[in-house]
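I have placed the structure first, in the form of structure tokens, so that the comments after it can refer back to it.
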Amino acid sequence: MQETAQVSYVQGDATTPVGKGVKIIAHVCNDLGGWGKGFVLALSRRWPEPEAAFRRWHRERARNDFGLGAVQFVQVEPYLWVANMVGQRGIRTGSKGVPVRYEAIDAALDKLGAKAAELGASVHMPRIGCGLAGGKWARVEPLIAERLVARGVPVTVYDHAG
């Protein structure tokens, strides 16, 4: 019997996810290959692999699926993965608005949901797309509900204390 999944909100650090079993830490990256501000710094302090893999994925983009809506899964510990989700165009808010691309986050969350279901994993994240990407949580949360929770994937969202 599959219990109903939901989004849980906790104070804490998404790089130290709580709970048992296989976990995926999900976050949003830009489509320029940049990795140097925001949540990625916390990831890089814990594991070098997600940044190295992301930079390689971007560098070799002519031969792979790198682009808006794509996801790269990087295993960092036996039961822990990091999902590099390309969900923002560029890195600055400018004449074209904020960098977040909701349709790309939606597509990435769909792939994340499939992977989480395959691994029997829970998903852990900061408020993706809402920091440097400039997105609104009111737009992102329904995508999480549709792509992850509706598939029975438990999601924990971390708000950094203070």
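Rounded to the nearest 0.5 Å, atoms CZ (Arg127) and CD (Glu141) are 7.5 Å apart. Atom CG of Leu143 sits about 6.5 Å away from atom CG of Leu109, to the nearest 0.5 Å. Here the straight-line distance linking atom SG of Cys29 with atom CH2 of Trp57 works out to 7.0 Å at 0.5 Å rounding. Taken from CZ in Phe66 to CG in Asn84, the straight-line distance is 9.0 Å, to the nearest 0.5 Å. Cys130 SG to Ile105 CD1: the interatomic distance, rounded to the nearest 0.5 Å, is 7.5 Å. Note: Asp31 CG to Arg89 CZ = 5.0 Å, rounded to the nearest 0.5 Å.
Contact record, Arg151 with Arg147: NH1-O, 3.3 Å, taken as the closest heavy-atom pair. Leu68 and Gly87 get closest at one heavy-atom pair: CD2-C, 4.2 Å. Residues Pro99 and Ala133 share a closest heavy-atom pair of CD-O, 3.1 Å. In plain terms, the two heavy atoms of Asp65 and Ala70 that are nearest each other are O-CB, 3.2 Å. The shortest non-hydrogen separation linking Gln72 to Ala53 is NE2-O, 2.9 Å. Nearest heavy atoms, Val28 versus Gly129: CG2-N, 4.0 Å.
Both Leu112 and Ile128 are assigned to one and the same hydrophobic cluster, defined by single-linkage of ILVMFWY side chains at heavy-atom distances under 4.5 Å. Taken together through direct or relayed side-chain contacts under 4.5 Å among Ile, Leu, Val, Met, Phe, Trp and Tyr, Val76 and Val71 form parts of separate hydrophobic clusters. A continuous path of Ile, Leu, Val, Met, Phe, Trp and Tyr side chains, each step under 4.5 Å between heavy atoms, connects Tyr102 with Val98, placing both in one hydrophobic cluster. Met125 and Val86 fall into different hydrophobic clusters, where Ile, Leu, Val, Met, Phe, Trp and Tyr residues are linked whenever their side-chain heavy atoms come under 4.5 Å apart, directly or through other members. Under the 4.5 Å side-chain contact rule for hydrophobic residues, Leu132 and Val140 do not share a cluster.
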Check: Hey, mind stepping through Lys23 and Tyr79 against side-chain contact (heavy atoms from CB on, under 4.5 Å) and telling me if it holds?
Finding: CA-CA 6 Å; Lys23 300 180 199 70; Tyr79 298 100; over 6 Å; no

Check: Stepwise, does the side-chain contact (heavy atoms from CB on, under 4.5 Å) test hold for Arg59 with Phe54?
Finding: CA-CA 9 Å; Arg59 195 168 53 244; Phe54 178 75; over 6 Å; no

Next item on the list: Take Val157 and Val7, measure what side-chain contact (heavy atoms from CB on, under 4.5 Å) needs, and give me the verdict at the end.
Entry: CA-CA 7 Å; Val157 174; Val7 178; 3.7 Å; yes

Note to self: Apply side-chain contact (heavy atoms from CB on, under 4.5 Å) to residues Trp137 and Ile144 and explain how you reach the verdict.
What the structure shows: CA-CA 10 Å; Trp137 188 245; Ile144 291 167; 3.4 Å; yes

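Judged purely by atom type and a 3.5 angstrom limit, Gln88 uses its side chain to pair as donor or acceptor with the backbone of Gly90. A side-chain donor-acceptor contact under 3.5 Å links Gln75 to the backbone of Pro78. At distances below 3.5 Å, at least one donor-acceptor pair connects side-chain atoms of Lys111 with backbone N or O atoms of Gly69.
Cluster partners of Val10, using a side-chain heavy-atom cutoff of under 4.5 Å among ILVMFWY residues and allowing indirect links, are Val18, Tyr158.
Taking the six-membered ring for Trp and the full ring otherwise, Phe73 and Trp81 have centroids separated by 6.0 Å or more.
No donor-acceptor contact under 3.5 angstrom links the side chains of Asn30 and Trp35, judged on distance only.
With respect to Leu148, the side-chain contact (heavy atoms from CB on, under 4.5 Å) criterion is satisfied by exactly one of Asp110, Ile24, Val153: Val153.
With contacts defined as side-chain heavy-atom distances shorter than 4.5 Å, the pair Val22/Ser122 does not qualify. Using a 4.5 Å heavy-atom cutoff, the side chains of Glu51 and Val40 are not in contact.
By the side chain to side chain contact (heavy atoms under 4.5 Å, CB included) test, Thr15 is found to be paired with Asp13, Phe39, Ala42, Leu43, Arg46, Trp47, residues two or more places apart in sequence or in another chain being considered.
Arg56 has no carboxylate O lying under 4.0 Å from a charged side-chain N of Glu60, or vice versa, which leaves the two without a salt bridge.
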